[in-house]
Amino acid sequence: MSRTRRAIAVGALALLPIAPAVVTAVVAASPAHASQPLRAHAEARGKFIGTAVATTQLANESSYRTIAATEFDQITAENAMKWESTEPSPNQFTFSGADAVVAFAEQNGQQVHGHTLVWHSQTPNWVENLDAAGMRSAMNSHIAKVVGRYADNPVVRSWDVVNEAFNEDGTMRDSFWYRKLGGGYIADAFRAARAADPDAKLCINDYNVEGVNSKSTAMYNLVKTLRGQGVPIDCVGFQGHLSLQYGFPGQVRENVQRFADLGVDVRFTEIDIRMKTPRDSAKDAQQATYYRNVMDACLAVSRCVGVTIWGFTDKYSWVPDTFPGEGAALPYDENYGRKPAYTAIHDALAAGGPDPSDTTPPTAPGRPSVSAVTSSGATLTWTAATDNVGVTGYDVYSGTTRLGSATGTSLTLTGLTPNTAYTVHVVARDAAGNTSPASGTVDFTTLAGQSTGCTPSYRLVNSWPGGFQGEITLRCASAVTSWKTTLIYPSGVGVTQAWSSRMSGSGPAYTFTNADWNGTIPAGGSTTFGYIGSWNGTGTPPAPALS
Ligand code: G2I
């Protein structure tokens, strides 16, 4: 049975102090100066800010509870929803820890991300020892039971269905799941989770996939393939266990964007940024910069739904146990004092950003015109879209594939396939992530590539209303005995007749080969041919792309 998910009630407004109207206006105009809990700023930006929580501390420590409740609007059980906690023996389920986490979220207007269903770690040995049929059925029944328990609970919104399925080089991890069930276990797990809760967002989660690298590319390809097969994957999780000694990963924002372009949500699920202990102010500052970078990458992409920190206090972190000599990875110190990392997260969220209440999309951009077509690229130009707040960029698509993005009204595409027909359109977007209707489409065909040792150049000889005369000169560095060159024109232009060459093609590409008498050109020599074009525009007729 489906249900409606309840909106989280505690929002930025609920946390704002009541003030006289005149003061309210000043505060509203300067959100960057207001200092509110992280969750208030996050909600104003349309994102969540979350933390992992440990059930022992939730039960026993009021300072821990207070910060978890007031600063964060999303929580993930650090261990309580893992297989060893929920089904320690076959078909013996225990939900006390998981229920405690969900109850805490209900009390505090938070959403819960379920972590995690199918993982090679923290899964009891009895699972690993099953035969293939037994393991498949254990997986399906575990997912059905655990996801099903919270399927009608509106605070449990999402699940890490499959965790850490890849090796660093992008091959599949040789886990007991993979060995016994083959790679198909991933699709099966997602289908089982969808059957158990049709509304929950279902994620695949991993570490070292924050930037563009072999592992994240493998994850990208898998998500793309599985979605193409109709497997219900809704989101990807980038864990984000970073370390100052390894530097900040490359192209994080681009990586978020490419997954978003597949139509999935992206979340940072387990951020912590460790350092060699002891802390000092330089390391704290570097750590703060890394936290800021993560926040900014998420804030920059509308499909990045939020950031979860893997715990919030250095008092309780998995890091020192696993990496001796490292720690201090979280935004609060062992005494619940705020570190520079806290300020960095706060300031990123509080910075003047898009207005999440803006739901008006830009108008469609103009139909693009194409010029400078080569074997691997083309330049597109279009007229601007308009928007009630402002257009922040344009995306150029071929069907559903994004070929590139621009902030202005022109883009030079690169990396296209030679001798290939493209039909492209442009979509405008605004800061709040609203996208315009598609522009009209334009067709062009990339060139086959240079086929002679000669370089063509174009000259407009003359033009008149409705037409023009063009001329091409081929200059040859090496001697040739025949030649061929191709012109590509934007739509609206046609070549109607040519001389001193043989013409073929009906647009937008026209290919010219030598006449019987002018195929031979010595090294350093040249030849010229002419043609008549039709064109119904005004001003100077457009130049063709040459090859
Ligand atoms: O390893 C860091 C994280 C990587 N991604 C998946 C996460 O689920 C994982 O979290 C950590 C928890 O933070 C640790 O708290 O997962 C560890 C297990 O792989 C957790 O550690 C375990 C200890 O190893 C156990 O000895 C302990 O009984 O926590 C258990 C419960 O406190």
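First listed ligand is number 1; within each ligand, the first listed atom is number 1.
Listed by atom number, the atoms of ligand 1 under 4.0 Å from E164 heavy atoms are 4 (C), 5 (N), 6 (C). Near Q122, the atoms of ligand 1 lying under 4.0 angstrom from a non-hydrogen atom of the residue are 16 (O), 17 (C), 18 (C), 19 (O), 22 (C). Of all the atoms in ligand 1, the ones that sit under 4.0 Å from a non-hydrogen atom of E78 are 12 (C), 13 (O), 14 (C), 15 (O). For ligand 1, the atoms closer than 4.0 angstrom to any heavy atom of S121 are 19 (O).
Close N/O approach between E84 and ligand 1 is not found [any backbone or side-chain N/O within under 3.5 Å]. An N or O contact shorter than 3.5 Å is missing between W318 and ligand 1 by distance. Every N/O-N/O distance between N163 and ligand 1 stays at or above 3.5 Å.
Heavy-atom proximity to atom 21 (O) of ligand 1, evaluated over D160, N79, T116, is greatest for N79.
Proximity of W310 to ligand 1, defined as any heavy-atom pair under 4.0 Å, is confined to the side chain (atoms from C-beta onward).
For Y178, there are no ring-ring contact (aromatic ring centres under 6.0 Å, His included) partners at least two apart in sequence or on another chain.
Less than 4.0 angstrom separates atom 16 (O) of ligand 1 from at least one non-hydrogen atom of the protein. Shown here, atom 23 (C) of ligand 1 is out of close reach of the protein: none of its heavy atoms lies under 4.0 Å off. Within a 4.0 Å radius of atom 10 (O) of ligand 1, the protein contributes at least one heavy atom. For atom 27 (C) of ligand 1, no protein heavy-atom neighbour is found at a distance under 4.0 Å.
Atom CZ of R267 sits about 12.5 Å away from atom CD of Q239, to the nearest 0.5 Å.
Heavy atoms of W119 come nearer than 4.0 angstrom to ligand 1 in at least one pair.
Aromatic pair W310/H115: ring centres closer than 6.0 Å.
Between R338 and E71, at least one side-chain N (NZ, or NE/NH1/NH2) sits under 4.0 Å from a carboxylate O, which counts as a salt bridge. Ionic pairing of K180 and D131 is not present here: no N-O contact between side-chain nitrogen and carboxylate oxygen is shorter than 4.0 angstrom.
Distance alone, capped at 3.5 Å, is enough to place a donor-acceptor pair between the K215 side chain and the Y207 backbone.
Residue pairs that meet the salt bridge (charged side-chain N to carboxylate O under 4.0 Å, His left out) test with at least one member in residues 232-252, sequence neighbours left out, are R194-D234.
Closest to atom 4 (C) of ligand 1, if we only count protein heavy atoms, is E270 OE1, 3.2 Å.
Looking at E270 and N205, their side chains do bring a donor and an acceptor atom within 3.5 Å of each other.
Considering only heavy atoms from C-beta on, R429 stays 4.5 Å or farther from V391 through its side chain.
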#### Entry: Stepwise salt bridge (charged side-chain N to carboxylate O under 4.0 Å, His left out) check, D284 with K339
CA-CA 7 Å; D284 276 2; K339 295 159 62 180; 5.1 Å; no
